[in-house]
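Right, one structure below, let's go through it.
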Amino acid sequence: MGHPALEELGTLLPRAFFEAPPEVVAPRLLGKVLAHRAGGAVLAGRIVEAEAYLGPHNDPPDPAAHAHRGPTVRNSALFGPAGHAYIYSIYGRYFCMNVSCEAEGRAGCVLLRALEPLEGADLMARNRGLAPGGLGAGGLTRQLASGPGRLCQALGLTRRSHNGLDLTDPASPLQIRDDGYEVSEALVTARIGIRQAADWPLRFLLPGNRCVSGAKSAIGKRVSIPVEFR
DNA sequence: CAGCCGATAAGCT
DNA sequence: GCTTATCGGCTGA
């Protein structure tokens with residue numbers, strides 16, 4: 001009661017959606033809904049910012065990607081089937097969530113960097129240690145999940161509980177759905193917070209959206225997303 | 001097995 | 001802008 005079933009948030013994205021290069025999947029994910037069922041609650045938000053990290057089969061390979069040096073215990077989810085969660089801890093305090101791409105045996109992923117909260121904003125605020133009241137007016141809502149670490153904290157995602165989950169399984173507590181929200185244009189910029197390949201244009205965000213992270217938000221160019229990739 | 005350091009965020013100057 | 005918290009996985013010995 002009070003919480004929607006995940007089905008009400010749109011149609012579940014099929015695995016084929018993710019079986020493509022990350023630079024194709026990342027803009028396609030803009031506007032889609034990331035949903036987490038935690039106990040009786042549902043926490044969900046629209047993806048407004050994402051970065052592509054390329055697998056080692058690319059030429060040149062992407063030196064900023066965790067999959068850069070091939071499979072390891074940590075990144076094994078990236079080399080499995082597409083549409084799985086890859087969650088890792090960073091700086092001892094935070095987690096970041098990626099979606100695996102490409103066919104099984106090939107790595108490549110999309111880092112989810114920011115959400116526009118749709119469901120469970122009060123609970124997100126609580127998870128983030130913020131005051132639950134007055135979210136709408138004060139602009140606090142846009143800070144709930146504006147950043148990869150904030151996103152995982154807001155939704156309550158951890159490596160131990162959620163790494164490796166199949167996002168395309170109807171029984172999974174973590175899914176990505178399409179509620180019909182249409183995105184025809186993305187803003188493309190360099191990726192944030194990396195040193196290697198720092199100038200590659202692989203960060204995608206919804207132009208003008210207030211929930212995106214980072215100072216580089218305004219620096220980039222608009223590209224239209226081909227209809228077949230929407 | 002020890003040392004290093006990162007796809008971060010928050011708080012302070 | 002600069003600093004720091006705090007950790008696990010990676011690397012090389």
Side-chain angles (χ1 to χ4, degrees), chain A residues 18 21-27 29-30 34 45 47-56 58 60-80 84-102 107-115 117 124-131 138-164 167 186-205 210-220:
Chain A
F18 303 101
E23 69 272 25
V24 171
V25 177
L29 276 172
L30 294 178
L34 176 66
I47 298 167
V48 299
E49 178 182 345
E51 286 176 354
Y53 286 86
L54 313 184
N58 285 273
D62 179 358
H66 283 190
H68 176 49
R69 296 166 196 266
T72 65
V73 173
R74 173 170 69 151
N75 68 21
S76 62
L78 296 179
F79 290 85
H84 285 245
Y86 167 53
I87 297 179
Y88 65 92
S89 66
I90 187 166
Y91 297 108
R93 297 173 68 99
Y94 302 101
F95 295 99
C96 294
M97 173 182 173
N98 300 255
V99 183
S100 67
C101 301
E102 308 267 22
C109 63
V110 174
L111 171 68
L112 303 184
R113 286 195 55 94
L115 301 180
M124 290 187 201
R126 198 163 130 180
N127 287 343
R128 295 258 295 107
L130 304 173
L140 269 182
T141 300
R142 67 190 152 110
Q143 295 181 42
L144 288 179
S146 62
R150 290 172 172 179
L151 183 156
C152 286
Q153 192 175 43
L155 265 59
L157 305 178
T158 63
R159 182 190 61 80
R160 206 182 96 181
S161 297
H162 305 282
N163 184 45
L167 304 170
L187 188 61
V188 185
T189 79
R191 295 175 293 186
I192 290 183
I194 56 170
R195 305 189 61 173
Q196 303 288 323
D199 58 341
W200 294 16
L202 292 174
R203 173 172 175 251
F204 303 86
L205 46 98
R210 293 164 59 78
C211 296
V212 301
S213 77
K216 289 185 180 177
S217 298
I219 308 171

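The basis for the numbers below is simple: all heavy atoms, side chains too, and nothing from hydrogens, waters or symmetry mates. Each chain gets a letter, A, B and so on, in the order its sequence line appears, and its residues count up from 1.
- Within 4.0 Å (heavy atoms only), A/Gly92 reaches at least one base atom of the nucleic acid.
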Practice item. Report the C-alpha separation of A/Phe204 and A/Val110 in whole Å, then their side-chain angles, then the decisive distance to 0.1 Å, and conclude whether the side chain to side chain contact (heavy atoms under 4.5 Å, CB included) test is met. Key: CA-CA 10 Å; A/Phe204 303 86; A/Val110 174; over 6 Å; no
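- Separating the OH atom of A/Tyr94 from the C1' atom of C/dT4 is a distance of 10 Å, rounded to the nearest angstrom.
- Atom CG in A/Leu111 sits about 8 Å away from atom P in B/dT8, given to the nearest Å.
- Nearest to the side chain of A/Ile194, among C/dG8, B/dA7, B/dA10, sits B/dA7.
- Across all their heavy atoms, A/Cys211 and A/Leu115 have their closest contact at CB-O, 3.6 Å.
- Looking at A/Leu202 and A/Glu51, their side chains never come closer than 4.5 Å, going by heavy atoms from C-beta outward.
- For the pair A/Gln196 CD and B/dC5 C1', the computed distance is 13 Å after rounding to whole Å.
- Atom CD in A/Gln153 sits about 17 Å away from atom C1' in B/dA7, given to the nearest Å.
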Run the numbers on A/Ser213 and A/Arg113 for side chain to side chain donor-acceptor pair (under 3.5 Å), then give the verdict.
-> CA-CA 7 Å; A/Ser213 77; A/Arg113 286 195 55 94; 3.2 Å; yes
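- Between the CE atom of A/Met97 and the P atom of B/dA7 there is a distance of 18 Å, given to the nearest Å.
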Could you walk me through whether A/Glu49 and A/Leu151 satisfy the side chain to side chain contact (heavy atoms under 4.5 Å, CB included) test, starting with their C-alpha distance in whole Å, then the side-chain angles of each, then the deciding distance to 0.1 Å, before giving a yes or no?
CA-CA 11 Å; A/Glu49 178 182 345; A/Leu151 183 156; over 6 Å; no
Between A/Ser146 and A/Arg142, does a side chain to side chain donor-acceptor pair (under 3.5 Å) hold up when you go through it step by step? CA-CA 6 Å; A/Ser146 62; A/Arg142 67 190 152 110; over 6 Å; no
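- You'll find that the side chain of A/Cys96 is closest to B/dT8, out of C/dG8, B/dA9, B/dT8.
- Residue A/Arg113 places at least one side-chain N or O under 4.0 Å from the OP1 or OP2 atom of B/dT8.
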With both pairing distances under 3.5 angstrom for Watson-Crick or G-U wobble, and | for a partner in another strand, the correct string for DNA chain C is |||||.||||||.
Does A/Leu155 form a side chain to side chain contact (heavy atoms under 4.5 Å, CB included) with A/Leu34? I'd like the steps, not just the answer. CA-CA 9 Å; A/Leu155 265 59; A/Leu34 176 66; 3.6 Å; yes
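- The side chain of A/Arg159 places no N or O atom within less than 4.0 Å of a non-bridging phosphate oxygen (OP1 or OP2) of C/dC7.
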Next on the checklist: Show, in sequence, the C-alpha distance, side-chain angles and deciding distance for A/Tyr86 and A/His66, and conclude whether the side chain to side chain contact (heavy atoms under 4.5 Å, CB included) test is met.
Outcome noted: CA-CA 10 Å; A/Tyr86 167 53; A/His66 283 190; 2.7 Å; yes
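- Partners of A/Glu23 under the side-chain hydrogen bond (donor to acceptor under 3.5 Å, both in side chains) rule, at least two apart in sequence or in another chain, do not exist in this structure.
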So which protein nitrogen or oxygen atoms get under 3.5 Å of nucleotides 10-13 of chain C's nitrogens or oxygens?
{"from": "C/dC10", "atom 1": "OP1", "to": "A/Thr72", "atom 2": "OG1", "distance (Å)": "2.3"}
{"from": "C/dT11", "atom 1": "OP1", "to": "A/Arg69", "atom 2": "NE", "distance (Å)": "3.4"}

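- Between C/dT6 and B/dA2, the two P atoms lie 22 Å apart (nearest whole Å).
- When the P atom of B/dT8 is taken as reference, atom CG of A/Leu112 falls 14 Å away, rounded to whole Å.
- You won't find any donor-acceptor pair under 3.5 Å spanning the side chain of A/Tyr91 and the base of B/dA9, going by distance alone.
- Between the CD1 atom of A/Ile90 and the P atom of B/dA10 there is a distance of 14 Å, rounded to whole Å.
- For A/Arg128 and B/dA9, the shortest distance from a side-chain N or O to OP1 or OP2 is not below 4.0 Å.
- Atom pair A/Arg93:CZ and C/dG9:C1' shows a separation of 19 Å (rounding to whole Å applied).
- Remark: A/Arg191 qualifies as a cation-pi partner of A/Tyr53 under the 6.0 Å distance and 45° angle criteria applied to the six-membered ring.
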